[in-house]
Amino acid sequence: MHHTGVLYEPAYSPSFHPQHDQHNESFEDEPPLLEELGINFDHIWQKTLTVLNPWKPADGSILNETDLTGPLIFCFALGSMLLLAGKIHFGYVYTMSILGCLGIHALLNLMSITGVSYGCVASVLGYCLLPMVILSSCAVLFSLQGTIGTVLAAAVIGWCSFSASKMFISTLAMDGQQLLVAYPCALLYGLFALLTVF
C-alpha cells in the first residue's frame, strides 16, 4: 500500500462553535472555587473581630454558618506556637478540640429549645480559640509559670469563654443563660491553657 503523504484535515463544521461558546458561557457563570468550598473571607474576618472584641454584638446569621476554615487555622496556629515553645502537642490540641466540641454540642442541645448542629458548635469554639493562640505566642517569648502567667491564663480563659458563650446565646436565643454556657466553655479552654502554661 503506497502512502502519498497527503494530510487529511477534518472538514470545517460551523455547527460546533455555538456549543463551544455555550460551554464557555456556562463556565463563566460558575461561582468562584472558594465560594463553592464555603470559604468566605469576609465572614471569617467578621467572626474573628467578634472574638477579639467580646463586647461587639454578635451577628446571628454569620454565626449560624458551619465554617471550619478559621477554626482549623487557629488550631494549627495553637499547635505551631506550642511547638515553637518546645511542646509537641498537636495530637492533644486536636483530640481535646473534638471531644470538647462533642461535649458542648450535647450540652447545648439539652439546654436550648431550637437545637444546634455540630458544625456550628465546632465553628464557634474554634474561633474563640484565638485568644489562646495569643497566650501561646506569649509562652514562646517568656515562661508563663509564675504569677504573671497565671493571671494572663485566667484572663484568656475568661476572654475565650465569654466570647463563646455570647456567640452561643445570640445564635440559640438563650437569653439569661450566658453564665451556664460560659462555665463548661471555661473548663474546655482551661485545658488548653494548661497545655500552654505547662
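Small disclaimer: the values here were computed from a predicted structure and weren't measured. Heavy atoms only: backbone and side chains are in, while hydrogens, waters and symmetry mates are out. Count residues from 1 along the sequence.
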| query | Can you list the residues that meet the side chain to side chain donor-acceptor pair (under 3.5 Å) rule with Gln178, with sequence neighbours excluded? | reply | Ser165

| query | Is a side-chain N or O of Lys166 found less than 3.5 angstrom from the main chain of Lys56, in a donor-acceptor match? | reply | yes

| remark: For Val93 and Cys75, the nearest pair of non-hydrogen atoms, with its separation, is CG1-O, 3.9 Å

| request: Kindly give the heavy-atom pair with the smallest separation between Leu82 and His89, and that separation in Å. | output: CD1-CB, 4.1 Å

| note | Output for pair (Thr48 OG1, Asn53 CG), nearest 0.5 Å, gives 12.5 Å

| query | Do the side chains of Val197 and Phe192 join up, straight or via other hydrophobic residues, at under 4.5 Å, putting them in one cluster? | reply | yes

| remark: Rounding to 0.5 Å, atoms CE (Met132) and OG1 (Thr196) come to a distance of 6.0 Å

| Is Leu180 reachable from Leu110 through a run of hydrophobic residues whose side-chain heavy atoms are each under 4.5 Å from the next? | no

| field | Closest contact, heavy atoms only, Tyr118 versus Ile98 | value | OH-O, 3.5 Å

| What is the distance from atom CG of Leu125 to atom SG of Cys185, rounded to the nearest 0.5 Å? | 5.5 Å

| field | Any residue meeting side-chain contact (heavy atoms from CB on, under 4.5 Å) with Ser112, in chain and number order, not counting sequence neighbours | value | Thr114, Leu172, Met174

| Would one find more than 12 heavy atoms of other residues, nucleotides or ligands at under 6.0 Å from atom CG of Leu179? | no

| Going only through I, L, V, M, F, W and Y residues with side-chain contacts under 4.5 Å, is there a path from Leu108 to Leu68? | no

| Expected output: side-chain Asp175 to main-chain Ile169 donor-acceptor under 3.5 Å | no

| Is the CD1 atom of Ile88 crowded by more than 12 outside heavy atoms at less than 6.0 Å? | no

| task | Taking atom CG of Leu49 as the centre, report whether more than 12 heavy atoms of other residues, nucleotides or ligands fall under 6.0 Å from it. | result | yes

| task | To the nearest 0.5 angstrom, please state how far the OG atom of Ser97 sits from the CG atom of Leu72. | result | 9.0 Å

| field | Single hit among Val133, Leu135, Leu130 for side-chain contact (heavy atoms from CB on, under 4.5 Å) with Leu78 | value | Val133

| message | Applying a strict under-4.5 Å side-chain criterion to I, L, V, M, F, W and Y, I'd like to know whether Tyr94 and Ile73 cluster together. | response | no

| field | Mutual orientation of the aromatic rings belonging to Tyr127 and Phe74 [parallel < 30°, tilted 30-60°, perpendicular > 60°] | value | perpendicular

| query | Is the backbone N or O of Asp67 less than 3.5 Å from a side-chain atom of Ser123, with the two atoms forming a donor-acceptor pair by type? | reply | yes

| query | What orientation do Phe90 and Phe76 show, parallel under 30°, tilted 30 to 60°, or perpendicular over 60°? | reply | tilted

| request: State yes or no: do Leu152 and Phe198 share one hydrophobic cluster built from I, L, V, M, F, W and Y residues joined by side-chain heavy-atom distances below 4.5 Å, directly or via other members? | output: yes

| Partner residues of Thr171 under the side-chain contact (heavy atoms from CB on, under 4.5 Å) criterion, sequence neighbours left out | Leu63, Asn64, Cys120

| Near Ile148 CD1, under 6.0 Å, is it more than 12 heavy atoms from other residues, nucleotides or ligands? | no

| task | Specify the closest pair of heavy atoms between Cys128 and Met167, including all atoms of both residues, with the distance to one decimal. | result | SG-SD, 4.0 Å

| request: Over all heavy atoms of both residues, which pair between Thr66 and Ser117 is shortest? Give the atoms and the distance, please. | output: CG2-OG, 3.6 Å

| remark: Between the OG atom in Ser163 and the OH atom in Tyr189, the distance rounded to the nearest 0.5 Å is 8.0 Å

| note | What one should report as the nearest heavy-atom pair of Trp159 and Val51 is NE1-O, 3.0 Å

| note | dist Thr69:OG1 -> His43:NE2 (nearest 0.5 Å) comes out at 12.5 Å

